[in-house]
Student: 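Submitted below is the structure of interest, expressed as structure tokens.
Here is how names work: the chains are called A, B, and so on, in the same order as the sequence lines, proteins then strands, and each is numbered from 1.
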Protein chains: 2
Amino acid sequence: MGVAGHGSIPSSIPSPELLEEFSQFFRLLSEPARLQLLCHLRQGSADVASLIEATGFSQSHISRQLSQLQRAGLVTCDRDGVRLIYRADTELVEELCHLVQTRMKQRLQQQLDQLQAV
Amino acid sequence: MGVAGHGSIPSSIPSPELLEEFSQFFRLLSEPARLQLLCHLRQGSADVASLIEATGFSQSHISRQLSQLQRAGLVTCDRDGVRLIYRADTELVEELCHLVQTRMKQRLQQQLDQLQAV
DNA sequence: GGCTGCTATGACCATACACGCATACAACGT
DNA sequence: ACGTTGTATGCGTGTATGGTCATAGCAGCC
């Protein structure tokens with residue numbers, strides 16, 4: 001799964017290590033708070049205070065989530081005096097969400113079609 | 001994020017409900033056991049007994065994971081006498097994993113480049 | 001150096017969920 | 001109807017993690 005690239009020859013089972021990498025990445029995106037932070041940072045870089053204002057999460061919570069996102073390479077930060085300015089590269093996550101959303105729409109449409117065929 | 005489609009005009013923050021849908025979907029994929037089951041079913045439909053043999057997970061565990069995947073529309077099953085034959089449609093998950101894997105490779109390559117630039 | 005503002009992190013608690021054991025449920029054959 | 005096989009589900013346990021409060025650590029100013 002996800003080994004051979006899109007549309008090319010299917011290959012064997014991915015290694016446990018690779019599956020673990022995948023699961024960890026998806027786990028990162030499974031938490032709404034982190035998705036929300038990425039949404040806000042997508043619009044422009046921000047410091048923690050403005051993320052607190054934008055999301056309502058506590059300072060410590062935000063700091064921890066950002067730390068996780070940073071470790072995974074989804075956000076980076078620079079210092080501006082006492083402030084840390086966080087910046088996200090959301091391209092991958094946007095694409096993932098787009099694919100998921102498209103699929104959800106398709107499923108809903110199928111269900112709708114089935115109901116209307118009754 | 002993931003609202004406007006790939007490459008088109010960025011739009012505003014997705015609704016909390018949509019974010020929740022995304023997080024739930026990613027949570028589904030965050031569990032290695034479920035990824036592993038999808039890997040096996042990608043290769044062909046299977047009953048629980050053969051999935052037990054292939055993965056080493058217990059019968060009850062597999063049954064539960066399949067139940068979750070089924071509820072999300074990622075697997076379906078048909079009865080063959082006392083047996084249930086499960087089948088997965090892994091196209092979306094394969095694509096997601098491919099994107100994640102590509103990104104991981106890019107990151108590793110960057111880190112390697114940086115080390116070699118020292 | 002002391003003080004202030006900003007952020008990271010220690011410690012703790014509550015909750016979700018993975019996972020196993022036991023058993024209920026479904027299907028089939030006799 | 002009974003017994004067997006295959007699978008779903010109740011129940012309980014252990015662990016990870018979300019989230020808060022308190023405080024340590026960082027940066028800047030006087």
Student: Within residues 57-65 of chain B, which residues have any heavy atom lying less than 4.0 Å from an atom of DNA chain C?
Tutor: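 Nucleic-acid contacts, sorted: B:S58, B:S60, B:H61, B:R64.
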Student: With sequence neighbours excluded, what pairs up with B:I52 under the side chain to side chain contact (heavy atoms under 4.5 Å, CB included) test?
Tutor: B:V48, B:Q59, B:I62
Student: For the residue pair B:F26 and B:F22, categorise the inter-ring angle as parallel (less than 30°), tilted (30 to 60°) or perpendicular (more than 60°).
Tutor: tilted
Student: Verify side-chain hydrogen bond (donor to acceptor under 3.5 Å, both in side chains) between B:E20 and B:Q24, making sure each step is shown before the conclusion.
Tutor: CA-CA 6 Å; B:E20 182 64 28; B:Q24 282 182 25; 3.1 Å; yes
Student: Shortest non-hydrogen contact from A:S23 to B:S30?
Tutor: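 Scanning both residues completely, I find the closest heavy atoms to be CB-O, 3.2 Å.
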Student: Can you find a side-chain donor-acceptor pair between B:H98 and B:E94 that sits under 3.5 Å?
Tutor: no
Student: Given atom CG of B:L69 and atom C1' of D:dA8, what is their separation to the nearest angstrom?
Tutor: 15 Å
Student: Contact class for A:Q70 (heavy atom, under 4.0 Å): base, sugar-phosphate, or nothing?
Tutor: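 Touches nothing.
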Student: Dump the intermediate steps for side-chain hydrogen bond (donor to acceptor under 3.5 Å, both in side chains) on A:S67 and A:R71, then the final yes or no.
Tutor: CA-CA 6 Å; A:S67 173; A:R71 221 175 300 132; 3.0 Å; yes
Student: Whole Å only: how far is the CZ atom of B:R27 from the P atom of C:dT15?
Tutor: 16 Å
Student: Could you tell me whether a side-chain N or O of B:R107 sits under 3.5 Å from a main-chain N or O of A:A72, the two making a donor and an acceptor?
Tutor: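 Flag set: sc B:R107 to bb A:A72 pair under 3.5 Å.
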Student: For the residue pair B:L41 and B:L66, establish whether any side-chain heavy-atom pair is separated by less than 4.5 Å.
Tutor: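 Touching, per the 4.5 Å side-chain cut-off.
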Student: Residues of residues 71-89 of chain B with any non-hydrogen atom less than 4.0 angstrom from an atom of DNA chain C: list those, numerically ordered, please.
Tutor: B:R79, B:G81, B:V82
